[in-house]
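What follows is one structure encoded as C-alpha cells, with my remarks underneath.
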Amino acid sequence: MSQLTQFDVLALRREFPILQQEVNGHRLAFLDSAASSQKPRQVIDCLEDYYRRYNANVHRGVYKLSEEATFAFERARGKVARFIGAASPREVIFTRNTTEALNLVAQSWGGANLKPGDRILLTLMEHHSNIVPWQMIAQRTGATLDYLGLDGEGRLVIEELDRKLDERTKLVAVTHQSNVLGTINPVAEIAARAHAVGAVVVVDGAQSVPHMPVDVKALGCDFLAFSGHKMCGPTGIGVLWGRRSLLEAMPPFLGGGSMIKVVELDHSTYADIPTRFEAGTPAIGEAIALGEAIDYLDAIGMDSIFRHEQELTSYALERLADVEGLQLYGPTSPVERGGSLSFTLEHVHPHDVASILDGVGVAVRAGHHCTQPLHRHFNIPATTRASFYIYNLAEEIDRLAVGLEKARKLFM
Ligand code: C6P
C-alpha cells in the first residue's frame, strides 16, 4: 500500500484508548466503524468535563453553570454549521441520530406537504431509516413510493430519473454513501434534477459526513441528516440540517418544553427554528462532545481522512480479490466508493465468517445491515461487512484476508 496518507496513523491510534486492547488474544482490529466509530481521548475527556464541571440544563437557568452549558451547546451548533457549510447555525437541529432526523422531515415536512397522488422517490440501497419513515408518512397522506434501481455493481441507475422524476414527485430521499455497498452517489446531480421538477431533496449523510468533506451548498440538497456516533462523537446526538425557508415553514415534530412561545389551555404558539424542533431537554454534553469530535476531525482534515480511506479501500479490494469464493457487493473501482466492503464467502454463513474473524481479534458486522430491500435485490439474506476509518491500518486488512482464508478452509 502506498504511503500517501497525510497523517501518522500509528500516532493517531494511540489517542483511542479502546484500540489498545487485545480481543481473544489478538490486538483488536476494529473494522466496524460504519456501525459506530471509536472515540478519541479528546472527545471522551470533553464529555467527562461537561458532566464533572458544568452539567446544567440549557436555555433555562440564569446561573453560571447553566450559562456555561448553554454557551458550549450553542457553540457546538455553530461548529456543526461550519463543518457542513450551512448558511447559519439556526439551520442546524440537534436530534438523537440520523433516524430521528429523517423521521422529523418525514412527519413534519411530509405531513404538511404531501397529499394523495404525490410521489416520494427513494433508492434500493437505502438504510431502513430512509425507507420506513417515508412508508409511514405515505400511508398517512396517500402519497406513493418509488425506488431508483441499481446496476450489477451496486451503482444507482441514474438514467431511470428520466421516467421516475416528474411533477408528481414531491420528495427525493437518497443516501450519500451506502452503508453496505460503499457506493458514493452523485447527490448534486440528483438534487439538480429533482429541483427541476420542484421536488425537495433529503440526503442521508450518515455514511458520508464522517468520511469526506460535505458541503450542503455544493450538494444542493434541502435536508441533510447524520449521526454523531459514526464520526468520533458520542451516541445519542445527531443532526438535521435544513434549508432555512423550508424549516421556517414546517410545523413542530414533537411537542413539549422549550419548543413553544406561548402555551394557552387550548393551543400554543411555537418557537423559532431551531428550538421549535428541539422539544424537551436535549443531549447537552453529547452535543458539546460532537463539537469536540468535529474539532478533532477538522484538525486532521476531511480531505486527508477521505484519502486515507480511499487508500485502505483500494488495498482491501486487491487483497479480497485474492480470497477464493469471495463475492464482493458494490463498485470495484475505489474512486466510486467509500470504505464499507460487504461480501459473502462461498459455503460459509456471514455470521460464521464474523465469529471466526472475532476469534482472531477482527471485529466486523454480519447481517442485513438494516437494508433488507437491498439484500433482497441481490438475492442474499445477509453479508459480512468490513468498514474502515481514520485509525485503520493496511496490516488490519491483511489480518482480515488471513481470517477469511481460515474461515474458507474450515468450511471447505
Ligand atoms: N447504519 C450500520 O451498521 P442511526 O442508527 O440513526 O445513527 O443511523 C441510521 C443510519 C442511517 N443511514 C445510514 C446510511 C446508516 O448507515 C445508518 C446506520 C449502521 O450500517 C447501523 S444499522
Side-chain angles (χ1 to χ4, degrees), residues 84 86-87 91-93 95 98-150 156-176 178 185-206 208 216-226 239-254 270 273-274 276-277 371 373-374:
I84 57 169
E91 296 183 332
V92 171
I93 296 158
T95 61
T98 305
T99 304
E100 190 177 75
L102 293 168
N103 275 276
L104 193 166
V105 185
Q107 290 299 320
S108 174
W109 187 90
N113 291 285
L114 294 171
K115 54 182 192 320
D118 286 347
R119 292 196 177 162
I120 299 168
L121 182 61
L122 310 174
T123 87
L124 275 183
M125 68 169 81
E126 298 309 313
H127 187 280
H128 295 165
S129 294
N130 206 22
I131 296 178
V132 183
W134 304 114
Q135 291 174 340
M136 289 163 64
I137 198 64
Q139 263 171 13
R140 216 181 97 192
T141 60
T144 56
L145 301 176
D146 199 359
Y147 292 84
L148 272 189
L150 308 177
L156 292 178
V157 184
I158 292 296
E159 300 74 50
E160 284 185 4
L161 286 175
D162 293 341
R163 58 188 172 82
K164 298 210 168 192
L165 261 188
D166 61 30
E167 69 289 347
R168 286 168 301 179
T169 315
K170 291 295 181 296
L171 183 134
V172 177
V174 58
T175 188
H176 195 179
S178 160
N185 290 319
V187 169
E189 181 187 345
I190 295 170
R193 300 275 305 267
H195 284 156
V197 298
V200 157
V201 178
V202 180
V203 173
D204 174 350
S208 61
V216 290
K217 293 188 293 300
L219 289 185
C221 57
D222 300 298
F223 295 99
L224 174 74
F226 55 99
V239 172
L240 174 69
W241 167 82
R243 211 177 274 285
R244 185 173 185 153
S245 53
L246 291 172
L247 289 176
E248 281 179 340
M250 280 160 53
F253 171 46
L254 300 174
Y270 306 124
I273 62 163
R276 186 189 310 163
F277 298 106
T371 57
L374 174 64

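Since the model is a prediction, treat every value here as computed from it, not as a measurement. Numbers here simply count residues along the sequence, with the first being 1.
Two residues are said to be in side-chain contact when any heavy atoms from C-beta on lie closer than 4.5 Å; Thr141 and Pro116 fail this criterion. By the 4.5 Å heavy-atom criterion applied to side chains, Leu374 and His127 are not counted as neighbours. The closest side-chain heavy-atom distance from Leu240 to Phe223 is below 4.5 Å. Side-chain contact between Trp109 and Leu104 is absent, with no heavy-atom pair separated by less than 4.5 Å. No side-chain heavy atom of Val200 sits less than 4.5 Å from a side-chain heavy atom of His195. Residues Trp241 and Ile93 fail the side-chain proximity criterion, which asks for heavy atoms closer than 4.5 Å. Counting heavy atoms from C-beta on, the side chains of Val172 and Val202 never come closer than 4.5 Å. The closest side-chain heavy-atom distance from Val105 to Phe253 is not below 4.5 Å.
Rounding to the nearest 0.5 Å places CG of Leu148 at 9.0 Å from CG of Leu122. Taking CD of Glu100 as the start and OG1 of Thr95 as the end, the distance is 5.5 Å to the nearest 0.5 Å. Summarising the geometry, atom CG belonging to Leu247 is positioned 8.0 Å from atom CZ belonging to Arg276; distances are rounded to the nearest 0.5 Å. Note that the CG atom of Asp222 and the CZ atom of Arg243 stand 4.5 Å from one another [nearest 0.5 Å]. In this structure, CG on Leu124 lies 5.0 Å from CG on Leu150, to the nearest 0.5 angstrom. Separating the CG atom in Leu121 from the NZ atom in Lys170 is a distance of 13.0 Å, to the nearest 0.5 Å.
Look at Asp146 and Arg163 and you find no salt bridge, because none of the NZ, NE, NH1 or NH2 atoms lies under 4.0 Å from a carboxylate O.
Using a distance-only test at 3.5 Å, with no hydrogens or angles considered, a donor-acceptor pair links the side chain of Glu160 to the main chain of Gly149. With hydrogens and angles disregarded, a donor-acceptor distance shorter than 3.5 Å links the side chain of Thr123 to the backbone of Met125. Remark: side-chain polar atoms of Lys115 are not paired, donor with acceptor, to backbone N or O of Ala112 under 3.5 angstrom. A donor-acceptor pair under 3.5 Å links the side-chain atoms of Glu91 to the main chain of Arg244, judged by distance alone. The backbone N or O of Glu126 lies less than 3.5 Å from no partner atom in the side chain of Asn130, so there is not a single donor-acceptor pair. Side-chain atoms of Asn185 never come within 3.5 Å of backbone atoms of Val187 as a donor-acceptor pair (strictly under, hydrogens ignored).
The two residues Ser108 and Met250 make their nearest non-hydrogen contact at OG-CB, 3.3 Å. Closest approach of Val201 to Ala191, counting heavy atoms only: CG2-CA, 3.8 Å. Nearest heavy atom pair, residue Leu102 against residue Ser129, reads CD1-O, 3.3 Å. Between Ala218 and Ala188 the shortest heavy-atom distance is O-CB, 3.7 Å. The shortest non-hydrogen separation linking Phe277 to Pro252 is CE2-CA, 4.0 Å. Shortest non-hydrogen contact noted between Ile158 and Pro186 is CD1-CG, 3.7 Å.
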- Should Leu145 and Arg119 be marked as a side chain to side chain contact (heavy atoms under 4.5 Å, CB included) after you check the CA-CA gap, both sets of side-chain angles, and the distance that decides it? CA-CA 6 Å; Leu145 301 176; Arg119 292 196 177 162; over 6 Å; no
- Can Ile137 and Arg140 be said to form a side chain to side chain contact (heavy atoms under 4.5 Å, CB included), step by step? CA-CA 5 Å; Ile137 198 64; Arg140 216 181 97 192; 3.6 Å; yes
- Query: Yes or no on side chain to side chain contact (heavy atoms under 4.5 Å, CB included) for Leu254 and Gln107, after CA distance, side-chain angles and deciding distance?
  - Reply: CA-CA 10 Å; Leu254 300 174; Gln107 290 299 320; over 6 Å; no
- Leu156 and Val174: side chain to side chain contact (heavy atoms under 4.5 Å, CB included), yes or no, with the steps? CA-CA 10 Å; Leu156 292 178; Val174 58; 4.1 Å; yes
